[in-house]
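Here's the structure we're looking at; comments come further down.
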Amino acid sequence: MTDIEANKDMIDKIINIKQKLGNQLVILTHHYQRKEIVDLGDHRGDSFGLSQRAAQDENAKYIVFCGVHFMAESAAILAKDHQTVQIPDMDAGCWMADMADSYLVEKAWNEVTAIVGKNSVTPLVYMNSDAFIKAHCGKNNGAVCTSSNAPKAFEWAFKQREKIFFFPDEHLGRNTGNNLGIPSNEMIVWDPEKPLGGNTEQDIKKAKVFLWKGYCLVHTRFTTHEIDNMRKNFPDAKIVVHPECTQEVVRASDAVGSTSFIVNYVDEAPKGSTIIIGTEINLIKRLVTEYPDKKILPLKDSLCPNMYKINLNNLLSCLENIGKENIVTIDEAIKKDAFTALENMLNL
Ligand code: 13P
Ligand code: SF4
């Protein structure tokens with residue numbers, strides 16, 4: 001069998017299972033999934049939109065999440081008791097989420113609050129984190145946020161208390177702080193490998209935002225040098241990037257936002273326009289085929305290998321074992337506090 005025939009065979013089987021299960025099954029696909037997976041999904045979106053969907057789709061008994069583990073885990077935290085959440089590949093993790101180790105987060109939190117007091121800091125955690133970190137935030141009256149609601153979450157957090165501890169993406173945290181006009185000397189980086197995160201007690205007392213030293217390898221690869229080159233070659237182009245990029249790249253771009261923001265930006269751009277995008281390559285490749293009337297180029301080819309782990313083969317296997325294999329489970333005690341943090345985000 002050729003690859004094309006093998007793929008067609010798998011696609012037919014997946015469609016067949018979907019038809020049999022009807023509205024008992026919902027397949028959620030993140031924007032970074034490859035085209036053939038997105039085409040088979042029921043809803044595509046950014047991590048905020050998909051978490052909203054997971055919280056809404058009460059009819060579905062089975063939620064199959066085509067994305068990375070923290071996204072499926074968030075869906076499982078929001079799911080009702082009668083629902084199961086499955087992910088086609090349990091090893092589809094996220095490097096950035098792995099940079100906030102639960103032991104180090106607790107240690108950092110204890111160090112900061114010993115200096116400024118618990119009533120001075122709101123913990124805010126990016127969706128790209130494991131359930132334990134989300135539970136830590138829920139327990140300490142904090143919230144989850146995503147790239148589409150980070151400014152709102154910062155404003156909410158500052159209404160609760162005067163400082164924010166933001167995990168684990170230094171860049172999303174700094175870009176959000178910049179956007180809200182927080183002076184750069186009031187945002188300090190917390191390096192978990194150093195005593196007091198590499199700061200003095202004085203720095204900690206003065207700071208408004210603590211930025212955990214985590215980053216996305218897919219997005220920090222983009223440079224201002226590439227932007228300069230693109231501007232030279234395509235002077236009329238607009239450049240849009242994801243907020244996990246560095247502040248230098250964000251400042252050199254025309255627009256910044258979540259994956260759904262980028263999709264809408266392309267959708268709303270006038271026919272014939274040139275748009276250069278700094279985010280994961282599979283989303284850009286799909287936009288190229290979906291908008292043939294616009295010239296869409298990647299700032300650079302940057303692929304998330306974890307998102308790419310989901311394929312037709314493991315999606316089919318997941319559906320053939322619906323409700324049985326690759327089920328995402330969470331310890332009940334952690335689930336309760338993590339739910340609080342996610343609910344605080346959904347209520348924003
Ligand atoms: P979005 O929330 O914008 O979909 O981003 C998720 C992500 O992992 C980006 O790297
Ligand atoms: Fe994680 Fe970066 Fe991949 Fe997003 S693109 S899932 S942040 S590694």
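Count residues from 1 along the sequence. All ligand and atom numbering here is 1-based and tracks the order in the structure. Remember, it's a predicted structure, so these values are computed and weren't measured experimentally.
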Self-check item: Ser260 and Ser258: side chain donor to acceptor below 3.5 Å
Solution: no
Quiz item: In ligand 2, which numbered atoms sit nearer than 4.0 Å to a non-hydrogen atom of Cys94?
Solution: 1 (Fe), 6 (S), 7 (S), 8 (S)
Quiz item: Is Lys238 atom NZ crowded by more than 12 heavy atoms from other residues, nucleotides or ligands, each under 6.0 Å away?
Solution: no
Quiz prompt | Numbering as shown, the atoms of ligand 1 that approach Ser147 to under 4.0 Å (heavy-atom distance) | solution = 1 (P), 2 (O), 3 (O)
Practice problem: Give the ring-plane orientation class for His171 versus Tyr215, where under 30° counts as parallel, over 60° as perpendicular and anything between as tilted. | Solution: perpendicular
Quiz item: When you check the side-chain N and O atoms of Lys309 and Asn306, is any donor under 3.5 Å from an acceptor?
Solution: yes
Quiz item: Quick one: do Phe48 and Leu283 end up in the same hydrophobic cluster if we chain Ile, Leu, Val, Met, Phe, Trp and Tyr together by side-chain heavy atoms under 4.5 Å apart?
Solution: yes
Quiz item: Looking only at side chains, do Glu36 and Asn7 share a donor and an acceptor under 3.5 Å apart?
Solution: no
Exercise. Using non-hydrogen atoms of the residue, decide whether Cys216 is closer than 4.0 angstrom to ligand 1.
Key: no
Exercise. Please work out whether the ring planes of Tyr32 and His30 are parallel, tilted or perpendicular, with thresholds of 30° and 60°.
Key: perpendicular
Exercise. Run the numbers for me: atoms of ligand 1, each under 4.0 Å from some heavy atom of His219, listed by number.
Key: 10 (O)
Quiz item: Counting heavy atoms only, which part of Val218 comes closer than 4.0 Å to ligand 1: side chain, backbone, both or neither?
Solution: neither
Quiz prompt | Min heavy-atom dist Asn128 to ligand 2 below 4.0 Å | solution = yes
Exercise. Check whether any heavy atom of Met96 sits under 4.0 Å from an atom of ligand 1.
Key: no
Quiz prompt | Heavy-atom gap His31 to ligand 1 smaller than 4.0 Å | solution = no
Exercise. Please work out whether any backbone atom (N, CA, C, O) or any side-chain heavy atom from C-beta onward of Tyr32 is under 4.0 Å from ligand 1, and answer side chain, backbone, both or neither.
Key: side chain
Exercise. Using a 4.0 Å heavy-atom threshold (strictly under), name the region of Glu244 that reaches ligand 2: side chain, backbone, both or neither.
Key: side chain
Self-check item: Residue Cys216 vicinity, atoms of ligand 2 by number, heavy atom under 4.0 Å
Solution: 2 (Fe), 5 (S), 7 (S)
Quiz item: Applying a strict 4.0 Å limit to heavy atoms, is Met127 in contact with ligand 1?
Solution: no
Quiz item: If we ignore angles and hydrogens, is there a donor and acceptor under 3.5 Å between the side chains of Asp337 and Thr340?
Solution: no
Quiz item: Which one holds for Glu280 and ligand 1: side chain close, backbone close, both close, or neither close, with close meaning a heavy atom under 4.0 Å?
Solution: neither
